[in-house]
Structure formats: C-alpha cells, structure tokens
Amino acid sequence: MHGHRPRGLRGARRRLPVRPRREPRPGVRRAAPPGRRQLPQRRHLGRVVPVRVRLAPSPTGYFHVGTARTALFNWILARQDPEGVFILRVEDTDPERNREEWVQAIYAAMAWLGLDYTGPFRQSENAPAHAAALEALRAAGDLYYCDCTPAEVEARRGEGATPGYDGFCRDRGLERSATTALRFRTPDEGTLNVPDLVRGEVAFALSSIDDFVVARRSGEALYALANVVDDRDDRITHVVRGEEHLANAPKQMLLWSALNAATGIEVPLPVFAHLPLLVNEQRKKLSKRRDPVALELYRDQGYLVAAVLNYLALLGWSPRGDEEIVAMDEIVRQFRLEDVAHSPAFFDVRKLTALNGDYIRRLSPEAFAEACRPWVDPGDVAWRPTGYRPAWGLERYDEGLFARVAPLVQERVARLDEVPAMVDFFFIDPAYDEAAFDKVIRHDPEGPAVLSAAVDAYAGLEAFAPAALHAATLALGEARGLSLRKAQAPIRCAVTGRLVGPPLFESLAILGRAETLARLAAALARA
RNA sequence: GCCCCCAUCGUCUAGCGGCCUAGGACACCACCCUUUCAAGGUGGCAGCACGGGUUCGAAUCCCGUUGGGGGUGCCA
C-alpha cells in the first residue's frame with residue numbers, strides 16, 4: 001500500500017493533552033443518571049458501539065454561545081451512555097485565521113461551562129494522518145490536481161449551471177506543482193441520503209455536489225478532509241453540530257467511504273444531527289461581528305453558568321411538563337436529539353436574564369454572597385470580570401458586613417454585575433445622584449426638615465434596629481402629614497445617594513448609628 | 001442563479017388525527033402586597049402564514065404558494 005497505517009482510536013499514544021491545564025478539571029461525570037434515555041444504539045460487527053461525539057470549534061474568535069449550545073448537547077449525549085466519550089478537538093488548520101489566544105479562550109469557556117471532555121486535541125497535531133489520507137486517496141484515483149484559479153472557475157460558470165467547480169481539470173492529468181490544488185472526484189449521478197437524527201433523512205442529488213478542494217496548493221489538507229480523517233480516527237459515531245454544516249454532510253460521507261475503500265480500514269459512517277441555528281432579532285445567523293455572542297460577555301455580566309446552560313438547553317429543545325427551570329441531571333435524563341426543534345431560535349437575552357434572576361434567587365444566602373465576590377471583594381479573587389475593579393479598597397471593605405447585606409439585594413438583581421451599584425454606599429461615601437438630591441432634598445422644603453427630624457429621632461433611639469427606625473420614621477412623617485413613602489425618600493437619598501436601593505431601615509441598622517447620623521448631617525450641610 | 005432546511009402568541013416552545021374553546025415560559029398591561037426598587041400573588045392581551053387535498057374529523061398527514069434562513073471558499 002502506501003506505507004500509511006491509520007491509527008486506531010485516538011488514545012494513549014498521541015492523545016495527550018497538549019497543554020497543562022490551569023483550571024481545575026471541571027465537572028464530575030461517570031455515573032449516568034438512572035432512567036436515562038438512550039440514543040438509538042449503533043452497532044458495528046454485531047457489537048453495540050459506545051457513543052463518541054466531539055466538539056470541533058475553530059479558534060477564529062470569541063467562544064460563541066451557539067458553540068456553547070452545541071457543546072452542551074454533545075456533552076449530554078456522551079453522558080447518557082456510561083461508556084460515552086466527548087472529545088474536544090480544536091480545528092486549527094488555516095494558520096491565516098487562527099490565534100493562540102482564541103484557543104485559550106475555548107479552553108477557558110469549556111472550563112467555565114463545566115463540560116468535561118477528552119482532550120483537548122488539536123487538528124494540526126494530526127497533520128501526518130491528513131497527509132497519509134491524501135496520499136491514499138490520490139493513489140486510489142479519487143483525487144486529481146487542478147490549477148484553476150477561483151476567477152477562472154467563476155468565469156466558466158454559465159447561467160443557472162450547477163454551482164461550484166465544473167470539473168475542468170478532471171482528466172487533464174496534471175502533476176503536483178506549486179500552482180495545483182487537489183480536488184476530490186465526486187460521483188455525477190444518483191442521490192445521497194444523509195441520515196440526520198433531528199431532521200430525518202436529507203436527500204442530496206449528487207449532481208449538485210462539485211469536485212471540492214481537499215488540499216491547498218501548498219499541499220496542506222483543508223477542513224473538508226482533515227475533519228473527516230479526524231472523525232474517522234476518533235471513531236466518532238454521531239456528528240452533532242449547527243445547521244450551517246448540513247451541506248457539508250454529503251461531502252463528508254463521500255470522503256469517509258472513499259477513505260474506507262482506499263485504506264482498507266472500514267470505519268462505520270457516523271450519523272448526523274444538525275441543530276437549528278441561533279439567530280438574532282433579524283432572524284440572521286448570530287454573527288461575531290454584529291451580535292453579542294461571546295460567552296465571556298455573559299460571564300462578565302454576572303450570568304450564572306447553571307442559568308446559561310439551562311437557557312441554552314431551552315433553545316431548540318424543551319423539557320416535559322410546564323417547568324422550564326430544570327436541573328442538568330434531569331435534562332440529561334430527558335434529552336433526545338429526536339425531540340430537537342427544526343427551526344432557528346432567537347437568542348433572547350431578556351429571557352436569559354429572567355432565568356438568571358430565578359437562579360440567583362434560588363441560591364442560598366451564602367452561595368449568593370460567594371458568587372458576588374468578583375464584583376464586591378477588592379481582595380484576591382480567583383477571577384474578575386474583564387476590566388472591572390470594585391470602586392472601594394480593602395480598607396473600606398467588610399466581608400461580614402456584605403454577608404449581612406447580600407440577602408437584601410439577592411432578590412433585587414437579575415445579574416451579579418448589578419450588585420456593586422446596589423451596595424456601594426456601605427463601603428464608600430454616598431455618590432449623590434444630583435437630580436435625586438435636588439428633587440427630594442434641595443428643592444423640596446420638606447426634605448431638610450425630614451432630615452433634621454430624623455437626626456433627632458435616630459439619635460434618641462434606644463435600639464438602632466430596623467423596627468425602631470421604621471417606627472421613628474413613620475412617626476416623624478406623620479407629624480408632617482407625610483406618608484412613609486414620602487418621608488423615607490430624603491433619608492434614603494442622604495444616606496445612600498440614590499432613590500432606589502435595598503430596604504432602608506435594614507440598611508441604616510447595618511450602617512450603624514454614628515455613620516447614619518453623620519451622613520444625615522452631611523446631606524443637610526450641602527442642601 | 002443553484003442546492004438544502006424551516007414555518008404554532010412579539011420571543012422560546014408544548015402539541016406527534018379526535019383529550020385544543022391550542023398549554024407553559026419570557027416580554028407587555030392591570031390589580032394586590034409594599035419604606036424605594038425589586039421579588040411574590042392574581043388576572044389579562046396575544047398564535048396554528050396562505051391555498052388545495054386526504055379523513056367522519058387536521059395545528060397535527062400530503063401537495064402547492066408565500067415568506068424566512070443556511071450553503072454555494074485553495075474558511076471552518
């Protein structure tokens with residue numbers, strides 16, 4: 001043959017993670033939940049084959065929320081099979097467009113999501129196998145050299161003709177040179193049915209599939225080939241990816257079969273599942289350029305990973321019953337590719353945010369306070385939103401105090417990044433909202449009067465506690481014919497700088513008598 | 001142009017021939033609760049794209065129309 005020995009399953013030999021992992025290996029797995037629903041089992045040579053799926057992102061930009069959903073669905077599938085394997089393979093062919101920082105971003109995103117995997121592997125590591133596959137196919141007569149430029153191909157294309165390449169060089173018998181690329185000879189007639197678990201079978205007329213390029217002039221294998229070789233080497237059983245890849249499926253099947261024949265290694269073809277696209281309000285595919293698609297962005301804004309995962313699962317799929325907030329174990333138990341919707345889904349940040357608020361409220365007070373640390377603790381934290389630092393320093397920050405305040409804000413935020421603005425007055429002098437200050441203190445004659453009455457009343461309080469503060473404020477308001485709603489406004493503004501915030505009397509009690517009185521006096525002075 | 005996919009409230013979806021007077025969630029509106037803002041509670045608004053079939057019966061099956069989208073790279 002051609003001296004080419006395809007590797008077996010990716011495993012011990014080559015398959016060592018290419019980099020030391022800095023983040024702790026996320027997630028725990030193994031135990032598949034009881035009562036799970038299985039993927040239709042795949043058999044090969046009479047044996048049931050464990051599910052092997054993969055995520056194959058290219059490092060050409062931020063980690064996309066759509067990629068996150070694809071990752072999640074693949075991960076779920078692997079989890080449903082006690083022997084299932086989920087591989088992360090970074091498709092880093094095309095040196096022109098890849099950047100190392102983006103591959104790091106892929107690892108970071110996966111770590112945050114907590115989706116554990118086998119790998120990570122890099123497509124570039126498998127370049128020798130790609131070259132060997134190219135040689136095997138060429139020797140078998142499946143490939144031919146072509147020196148047409150894109151412009152020439154374009155110029156020859158007639159009106160209404162089959163798109164793509166016209167087969168001009170098919171029988172020219174060109175040799176390898178610096179100006180020849182390698183094309184795959186595709187059949188001209190017949191139909192190819194792509195088995196797709198979400199859509200059923202999709203039929204393609206072979207006449208509509210052109211002789212596509214599998215290797216550049218430089219000789220390097222292109223995605224079209226590398227992807228198939230890697231999936232074969234990895235013994236992938238289910239190719240689960242976005243719908244934008246649907247048109248690639250028949251080409252990949254053709255290549256896969258040709259590789260089986262050319263190498264004499266019969267690897268069963270995978271079955272496909274093309275997930276509906278995630279779209280923006282204009283119903284266009286989410287784009288890295290116009291839409292907020294970077295997963296990192298959501299983490300920075302204080303979305304909880306559990307909420308993000310839950311929301312992603314709801315895009316194109318839904319749990320049984322009326323409850324949408326579902327634990328991951330339950331999602332794994334219920335998920336079936338066959339139930340995935342066929343139509344594109346709008347990525348609705350408002351719904352994500354609402355779901356996130358729900359998740360925040362379900363946190364224990366301790367867990368909530370801990371989750372807030374990157375936003376409130378000026379000390380050392382494991383992670384910080386990009387470009388953010390609390391507005392207060394260590395000397396003013398009090399962890400115990402924040403723990404007492406946290407429950408007050410927990411039910412008031414839908415994102416963690418809203419927390420600092422809600423608690424800042426505990427750690428810094430009030431940053432006055434001047435419009436608010438004018439409204440309820442400077443330009444309202446009752447304002448200063450309420451303030452000085454509060455100074456007197458609060459100073460004489462036996463216990464500086466919420467109930468007493470409430471009663472005192474109610475009383476001083478009534479003395480002026482003011483509702484509690486009206487009476488609390490100037491006090492809140494004087495002490496917190498704003499008109500909205502956590503419950504006032506609890507806040508004052510936590511702040512303490514001395515500080516409260518001082519702020520009341522300060523506000524009176526600047527009125 | 002050509003190939004392919006898709007079509008239930010504004011949005012995400014349930015529905016897989018009779019349980020549908022079409023269910024839930026987000027958003028929106030009203031009311032209640034209330035020291036602000038939220039949260040919470042109650043109620044409301046709102047949908048089967050259109051036209052033909054098939055059937056005793058269609059949101060559900062078939063065909064067509066229209067409308068959206070994806071692909072059409074020596075990108076992935």
Side-chain angles (χ1 to χ4, degrees), chain A residues 56-60 91-94 96-98 123 146 148-150 153 157-165 179-183 194 196 199 202-205 207-210 212-218 220 222-224 226-227 242-250 274 276-277 279 281-285 311 314-325 339 341-348 350-355 357-358 361 408-414 418 422 466 469-470 473-474 477 483-489 491-493 496 498-506:
Chain A
S58 64
T60 53
E91 306 230 313
D92 59 349
T93 47
D94 197 1
E96 296 281 293
R97 309 200 319 158
N98 297 330
Q123 185 154 68
C146 166
C148 300
T149 64
V153 174
R157 181 158 40 225
E159 316 278 289
T162 304
Y165 187 64
T179 58
T180 55
L182 226 29
R183 285 184 187 273
V194 174
D196 189 303
R199 282 152 220 280
V202 183
F204 288 87
S207 60
S208 71
I209 298 175
D210 72 338
F212 54 96
V213 174
V214 291
R216 302 188 162 87
R217 291 164 186 233
S218 63
E220 297 162 85
L222 252 17
Y223 158 82
N227 181 266
E243 200 202 309
E244 71 267 31
H245 282 290
L246 184 51
N248 291 331
H274 290 97
L277 254 23
V279 298
E281 259 164 318
Q282 285 74 238
R283 302 249 116 212
K284 301 270 193 218
K285 182 169 76 160
Y311 179 64
L314 257 23
L315 256 20
W317 180 81
S318 67
R320 286 194 297 271
D322 286 342
E323 188 53 67
E324 289 190 326
I325 298 189
D339 294 337
H342 298 183
S343 40
F346 169 53
F347 185 85
D348 188 352
R350 289 200 299 180
K351 179 146 183 176
L352 202 213
T353 305
L355 201 62
D358 261 299
R361 271 168 256 123
L408 267 27
V409 305
Q410 184 168 2
E411 64 181 29
R412 295 182 157 68
V413 297
E418 297 173 57
M422 207 151 250
L469 285 159
H470 182 140
T473 310
L474 191 61
S483 63
L484 183 55
R485 177 191 182 83
K486 278 294 229 179
Q488 60 90 41
I491 300 171
R492 178 186 295 280
C493 185
T496 74
R498 280 186 269 268
L499 255 24
V500 302
L504 184 60
F505 307 121
E506 283 80 352

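Each chain gets a letter, A, B and so on, in the order the sequences are listed, and its residues count up from 1.
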Asks: Answer yes or no: side-chain N or O of A:Arg199 and base N or O of B:C5 forming a donor-acceptor pair under 3.5 Å.
Replies: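 Per atom types, no contact qualifies.
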
Asks: My understanding is that a pair needs two contacts under 3.5 Å, Watson-Crick or G-U wobble. By that rule, which nucleotide pairs with B:U60?
Replies: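 Pairing partner, where one exists within any strand: none, as none qualifies.
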
Asks: With side chain to side chain donor-acceptor pair (under 3.5 Å) as the test, pick out the partner of A:Gln488 among A:Lys486, A:Arg492, A:Arg485.
Replies: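 Testing each of A:Lys486, A:Arg492, A:Arg485 against A:Gln488, the sole residue satisfying side chain to side chain donor-acceptor pair (under 3.5 Å) is A:Arg492.
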
Asks: Watson-Crick or G-U wobble partner for B:C26, using a 3.5 Å limit on both distances?
Replies: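 B:C26 is paired, partner B:G10.
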
Asks: What is the nucleic acid contact for A:Gly316, judged by heavy atoms within less than 4.0 Å: base, sugar-phosphate only, or nothing?
Replies: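 The answer is sugar-phosphate, as A:Gly316 gets under 4.0 Å only of primed atoms, P, OP1 or OP2.
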
Asks: Can you check the A:Glu418 CD to B:U36 P distance for me, whole Å?
Replies: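 Those two atoms, CD and P, are 19 Å apart.
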
Asks: State the pairing partner of B:G1; accept Watson-Crick or G-U wobble contacts with both distances under 3.5 Å, and report none otherwise.
Replies: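 With both distances under 3.5 Å, B:G1 matches B:U72.
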
Asks: Anything under 30° is parallel, anything over 60° is perpendicular, the rest tilted; go ahead and classify A:Tyr311 against A:Phe347.
Replies: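 Rings of A:Tyr311 and A:Phe347: perpendicular, as their planes differ by over 60°.
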
Asks: Rounded to the nearest Å, what distance is computed from the CD1 atom of residue A:Ile325 to the C1' atom of nucleotide B:G24?
Replies: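 Whole-Å distance recorded here is 13 Å.
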
Asks: In sequence, state the C-alpha distance, the side-chain angles, and the governing distance for A:Arg412 and A:Glu418, and then conclude on side-chain contact (heavy atoms from CB on, under 4.5 Å).
Replies: CA-CA 9 Å; A:Arg412 295 182 157 68; A:Glu418 297 173 57; over 6 Å; no

Asks: Write down the distance separating the C1' atoms in B:A14 and B:A30, rounded off to the nearest Å.
Replies: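 Their C1' atoms lie roughly 27 Å apart.
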
Asks: Send over the distance from A:Leu408 CG to B:U35 C1', rounded to a whole Å.
Replies: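 For the pair A:Leu408 CG and B:U35 C1', the rounded distance is 12 Å.
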
Asks: Please determine, for the side chain of A:Ala345, which listed nucleotide (B:G24, B:U13, B:U35) has the closest atom?
Replies: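 In terms of side-chain proximity for A:Ala345, the closest of B:G24, B:U13, B:U35 is B:U13.
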
Asks: Does some side-chain heavy atom of A:Asn98 sit less than 4.5 Å from a side-chain heavy atom of A:Thr60?
Replies: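 Yes, close enough: below the 4.5 Å cut-off.
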
Asks: I need the CD-P distance between A:Glu411 and B:A39, as an integer number of Å.
Replies: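 These atoms are roughly 9 Å apart.
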
Asks: What distance, rounded to whole Å, do you find between the two P atoms, one in B:U60 and one in B:G52?
Replies: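 Their P atoms lie roughly 14 Å apart.
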
Asks: With P as the reference atom in both, quote the distance from B:C31 to B:A38 in angstrom, rounded to an integer.
Replies: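 After rounding to an integer number of Å, I get 15 Å for this pair.
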
Asks: Please report the distance, rounded to the nearest Å, between CD in A:Glu281 and P in B:C26.
Replies: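 After rounding, the reported distance stands at 19 Å.
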
Asks: A side-chain contact here means heavy atoms from C-beta on lying under 4.5 Å apart; do A:Leu277 and A:Arg283 qualify?
Replies: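 Result no, sub-4.5 Å side-chain heavy-atom pair not found.
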
Asks: I'd like to check A:Tyr165 versus A:Cys146 (side-chain heavy atoms, cut-off strictly below 4.5 Å). Are they in contact?
Replies: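 Result yes, sub-4.5 Å side-chain heavy-atom pair found.
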
Asks: Applying a 4.0 Å non-hydrogen cut-off, can you work out what A:Leu314 is touching in the nucleic acid: base, sugar-phosphate, or nothing?
Replies: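 Contact class for A:Leu314: sugar-phosphate only.
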
Asks: Do the non-hydrogen side-chain atoms of A:Tyr223 and A:Asn248 ever get within less than 4.5 Å of each other?
Replies: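 A side-chain contact exists here, since the closest heavy-atom pair is under 4.5 Å.
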
Asks: Tell me, with the steps shown, if A:Thr473 and A:Leu484 meet side-chain contact (heavy atoms from CB on, under 4.5 Å).
Replies: CA-CA 7 Å; A:Thr473 310; A:Leu484 183 55; 3.9 Å; yes

Asks: Between B:U8 and B:C20, how far is it from one C1' atom to the other, in whole Å?
Replies: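 Comparing C1' positions in B:U8 and B:C20 gives a spacing of 12 Å.
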
Asks: List the steps and the verdict of salt bridge (charged side-chain N to carboxylate O under 4.0 Å, His left out) for A:Arg199 and A:Glu243.
Replies: CA-CA 10 Å; A:Arg199 282 152 220 280; A:Glu243 200 202 309; 3.5 Å; yes

Asks: Please produce a list of atom pairs where a protein N or O lies less than 3.5 Å from an N or O of nucleotides 59-69 of chain B.
Replies:
from	atom 1	to	atom 2	distance (Å)
B:G69	OP1	A:Lys284	NZ	2.5

Asks: Verify side-chain contact (heavy atoms from CB on, under 4.5 Å) between A:Thr93 and A:Glu220, making sure each step is shown before the conclusion.
Replies: CA-CA 9 Å; A:Thr93 47; A:Glu220 297 162 85; over 6 Å; no

Asks: Using both distances under 3.5 Å as the test, list the Watson-Crick or G-U wobble partner of B:A49, or none.
Replies: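 Its partner is B:U65.
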
Asks: Could you identify the nucleotide paired to B:C19, looking across every strand shown and requiring Watson-Crick or G-U wobble geometry with both distances under 3.5 Å?
Replies: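 Per the H-bond distance test, none.
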
Asks: Using atom C1' of each nucleotide, how far apart are B:C9 and B:A25 to the nearest Å?
Replies: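 My reading of the C1' atoms in B:C9 and B:A25 gives 12 Å.
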
Asks: Expressed as a whole number of Å, how far does the P atom of B:C45 sit from that of B:G10?
Replies: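 Between the two P atoms, the distance is 14 Å.
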
Asks: Just how far, in rounded Å, is P of B:U35 from CG of A:Leu469?
Replies: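 Value for this atom pair: 14 Å.
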
Asks: Considering just the side-chain nitrogens and oxygens of A:His342, establish if one lies under 4.0 Å of OP1 or OP2 belonging to B:C6.
Replies: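 True: A:His342 side-chain N/O within range (under 4.0 Å) of B:C6 OP1/OP2.
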
Asks: Of all the choices, B:A39, B:C5, B:U35, which nucleotide is nearest to the side chain of A:Arg361 once you look at every atom?
Replies: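 Among B:A39, B:C5, B:U35, the one nearest the side chain of A:Arg361 is B:A39.
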
Asks: Rounded off to whole Å, could you give me the CZ-to-C1' distance for the A:Phe346 and B:C6 pair?
Replies: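 Spelled out: CZ on A:Phe346 to C1' on B:C6 is 18 Å.
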
Asks: Dump the pairs, protein N or O against N or O of nucleotides 74-76 of chain B, anything under 3.5 Å, distances to one decimal.
Replies:
from	atom 1	to	atom 2	distance (Å)
B:C74	O2	A:Arg217	N	3.0
B:C74	N3	A:Arg217	NE	2.7
B:C74	N4	A:Cys148	O	3.1
B:C74	N4	A:Arg217	NE	3.2
B:C74	N4	A:Arg217	NH2	3.0
B:C75	OP2	A:Arg216	NE	3.1
B:C75	OP2	A:Arg216	NH2	3.0
B:C75	O2'	A:Asp94	OD2	2.6
B:C75	O2'	A:Arg97	NE	3.0
B:C75	O2'	A:Arg97	NH2	3.3
B:C75	O2	A:Arg97	NH2	3.0
B:A76	OP1	A:Thr93	OG1	2.9
B:A76	OP2	A:Tyr223	N	2.9
B:A76	O3'	A:Glu91	O	3.4
B:A76	O3'	A:Glu91	OE1	3.4
B:A76	O2'	A:Ser58	OG	3.1
B:A76	N6	A:Asn248	OD1	3.3
B:A76	N6	A:Asn248	ND2	3.2
B:A76	N1	A:Asn248	ND2	3.3

Asks: A:Arg183 versus A:Val213: any side-chain heavy-atom pair under 4.5 Å?
Replies: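 When only atoms from C-beta onward are counted, A:Val213 and A:Arg183 do touch, with a gap below 4.5 Å.
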
Asks: Sort me out a list of protein N/O and nucleotides 27-34 of chain B N/O pairs below 3.5 Å, or just none if empty.
Replies:
from	atom 1	to	atom 2	distance (Å)
B:A27	O2'	A:Arg350	NH1	3.2
B:A27	O2'	A:Arg350	NH2	3.1

Asks: For B:U42 and B:C50, measure between their P atoms and round to the nearest Å.
Replies: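 Approximately 34 Å lies between the P atom of B:U42 and that of B:C50.
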
Asks: What is the nucleic acid contact for A:Glu506, judged by heavy atoms within less than 4.0 Å: base, sugar-phosphate only, or nothing?
Replies: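 Base contact.
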
Asks: Say you pick atom C1' in B:G67 and the same atom in B:C75; how far apart are they, in whole Å?
Replies: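 B:G67 and B:C75 have their C1' atoms separated by 30 Å.
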
Asks: Touch check for A:Phe204, heavy atoms < 4.0 angstrom, all strands: base, sugar-phosphate only, or nothing?
Replies: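 It contacts sugar-phosphate atoms only.
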
